[in-house]
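The figures here come from the full heavy-atom set of this structure, side chains too, leaving out hydrogens, waters and symmetry mates.
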Amino acid sequence: MADNFTVTAVLVTHDGATWLPEVIAALTTQSRPVDRIFAVDTGSHDSSIKLLHASGIPFVEEARDMGYGDAIEHALALTPPLDEANEWLWLIHDDSAPARETLELLLTAVADRPQIAIAGPKLRGWYDRDHLLEVGISIAPTGGRYTALERREQDQGQHDEIRNVLAVSTAGALI
């Protein structure tokens, strides 16, 4: 199922050298390989550029004040679609290292659901990998933001089911 799609990962970096070695390793060792990776660095002052260069990932350097959305748009302008009908865009922050099976699980989740336009993984903390940060966002009956998470909730697989939400983070969003 996951092989019916092409996936372009767009990595946006901004002073992310602390995390980039692990993020690059995570992207390049997915159980379902990414078809293409492209990075945009927005004026990093650390060694992010050096790390991107050493990784072999194609990238461009942009102004430090370029926002995340503009960086994604610029990356898309520089990377023509591989397969417009079946291509997915995977947004990756410079501090989000997806687990080895993340892309495969996301593609499996959308394969039989043509109504899905955006999917997102559960997000866990960098320093405490069991700390759940997000499992999607919805609206509570009172009209407020609803995350379904308790404060400092630990991941024990309790949110591993596929469910509809109104929004997901751009850190790992598959579009």
Side-chain angles (χ1 to χ4, degrees), residues 1-40 46 48 51-52 55 57 68-69 71-72 86-175:
M1 278 191 210
D3 290 332
N4 297 336
F5 305 111
T6 57
V7 177
T8 296
V10 176
L11 169 62
V12 177
T13 65
H14 184 87
D15 294 333
T18 299
W19 309 284
L20 272 178
E22 190 172 339
V23 172
I24 291 167
L27 281 176
T28 57
T29 59
Q30 288 291 299
S31 60
R32 193 292 191 181
V34 178
D35 297 294
R36 176 173 58 179
I37 303 171
F38 190 80
V40 178
D46 62 6
S48 293
L51 291 167
L52 285 172
S55 75
I57 293 173
Y68 186 77
I72 297 295
N86 291 312
E87 185 167 10
W88 287 82
L89 175 65
W90 197 19
L91 305 181
I92 304 293
H93 292 196
D94 61 7
D95 65 348
S96 61
R100 180 168 162 67
E101 68 282 352
T102 301
L103 181 58
E104 182 177 1
L105 291 171
L106 286 170
L107 289 173
T108 299
V110 301
D112 295 327
R113 296 170 181 87
Q115 73 278 15
I116 301 295
I118 299 175
K122 67 179 171 186
L123 301 180
R124 296 180 297 188
W126 188 267
Y127 299 107
D128 176 0
R129 300 292 170 100
D130 288 327
H131 175 206
L132 283 171
L133 300 176
E134 184 178 303
V135 292
I137 301 166
S138 293
I139 297 175
T142 59
R145 183 178 191 266
Y146 178 70
T147 65
L149 296 176
E150 301 291 330
R151 180 168 150 60
R152 301 285 307 156
E153 185 170 345
Q154 296 291 294
D155 184 15
Q156 299 172 32
Q158 69 273 32
H159 295 285
D160 286 356
E161 74 283 351
I162 296 171
R163 63 188 180 95
N164 292 329
V165 295
L166 292 179
V168 298
S169 171
T170 57
L174 186 67
I175 303 169

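For A109, the side-chain contact (heavy atoms from CB on, under 4.5 Å) test picks out R113, I162, with sequence neighbours left out. Taking T29 as the reference, R100 meet the side-chain contact (heavy atoms from CB on, under 4.5 Å) condition, with sequence neighbours excluded.
Formation of a donor-acceptor pair under 3.5 Å by the S48 side chain with backbone atoms of A17 is found in this model. A donor-acceptor pair is defined here as one N or O able to donate and one able to accept, closer than 3.5 Å; such a pair exists between the side chain of R163 and the backbone of V135. Side chain of Q158 to backbone of Q156: a donor-acceptor contact under 3.5 angstrom is found. In this structure, N4 contributes its side chain and N86 its backbone to no donor-acceptor pair below 3.5 Å. Without hydrogens or angle criteria, T102 side chain to P98 main chain gives no donor-acceptor distance under 3.5 Å.
For CD of E161, the number of neighbouring non-hydrogen atoms (other residues, nucleotides, ligands) closer than 6.0 Å is greater than 12. Other residues, nucleotides and ligands contribute more than 12 heavy atoms inside 6.0 Å of the CZ atom of F38.
Between I37 atom CD1 and S55 atom OG the span is 8.0 Å, to the nearest 0.5 Å. Separating the CG atom in L51 from the CD1 atom in I57 is a distance of 10.0 Å, to the nearest 0.5 Å. Distance check: L174 CG to L91 CG gives 8.5 Å after rounding to the nearest 0.5 Å. One finds the CG atom of L166 at 11.5 Å from the CD1 atom of I118 (value rounded to the nearest 0.5 Å).
For H14 and Y68, the ring centers are positioned 6.0 Å apart or more.
Judged purely by distance below 3.5 Å, without hydrogens or angles, the side chains of R152 and H131 pair a donor atom with an acceptor atom. No side-chain donor from either of E134 and S169 sits under 3.5 Å from a side-chain acceptor of the other. Neither side chain, E101 nor Q30, offers a donor N or O lying under 3.5 Å from an acceptor on the other.
Across G172 and P121, no two heavy atoms sit closer than the pair O-CD, 3.2 Å. The nearest pair of heavy atoms linking V168 to A173 is CG2-CB, 4.1 Å.
With contacts defined as side-chain heavy-atom distances shorter than 4.5 Å, the pair V34/W90 qualifies. Under the 4.5 Å side-chain criterion, counting only non-hydrogen atoms from C-beta, W19 is not in contact with H93. Proximity of H159 to L132: side-chain heavy atoms (C-beta onward) are separated by under 4.5 Å at one or more points. Side-chain atoms of V165 and I137, non-hydrogen and from C-beta on, never get closer than 4.5 Å to each other. Counting only heavy atoms from C-beta outward, the side chains of L27 and L103 never approach each other to under 4.5 Å. The shortest distance between side-chain heavy atoms of L11 and L52 falls below 4.5 Å.
D160 and K122 are joined by a salt bridge, as a carboxylate oxygen and a charged side-chain nitrogen come within less than 4.0 angstrom of each other. One finds no salt bridge joining R129 and D155 here, because no Lys/Arg side-chain nitrogen approaches an Asp/Glu carboxylate oxygen to under 4.0 Å.
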Walk me through it: do R36 and E87 pass the test salt bridge (charged side-chain N to carboxylate O under 4.0 Å, His left out)?
-> CA-CA 11 Å; R36 176 173 58 179; E87 185 167 10; 3.2 Å; yes
When you look at N164 and I116, which way does the side chain to side chain contact (heavy atoms under 4.5 Å, CB included) test go after all the steps?
-> CA-CA 9 Å; N164 292 329; I116 301 295; 4.2 Å; yes
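When L106, D35, L107 are each tested for a side-chain contact (heavy atoms from CB on, under 4.5 Å) with F5, only one passes: L107. Tested against I92 for a side-chain contact (heavy atoms from CB on, under 4.5 Å), the candidates V10, T170, V23, T13 yield a single pass: V23.
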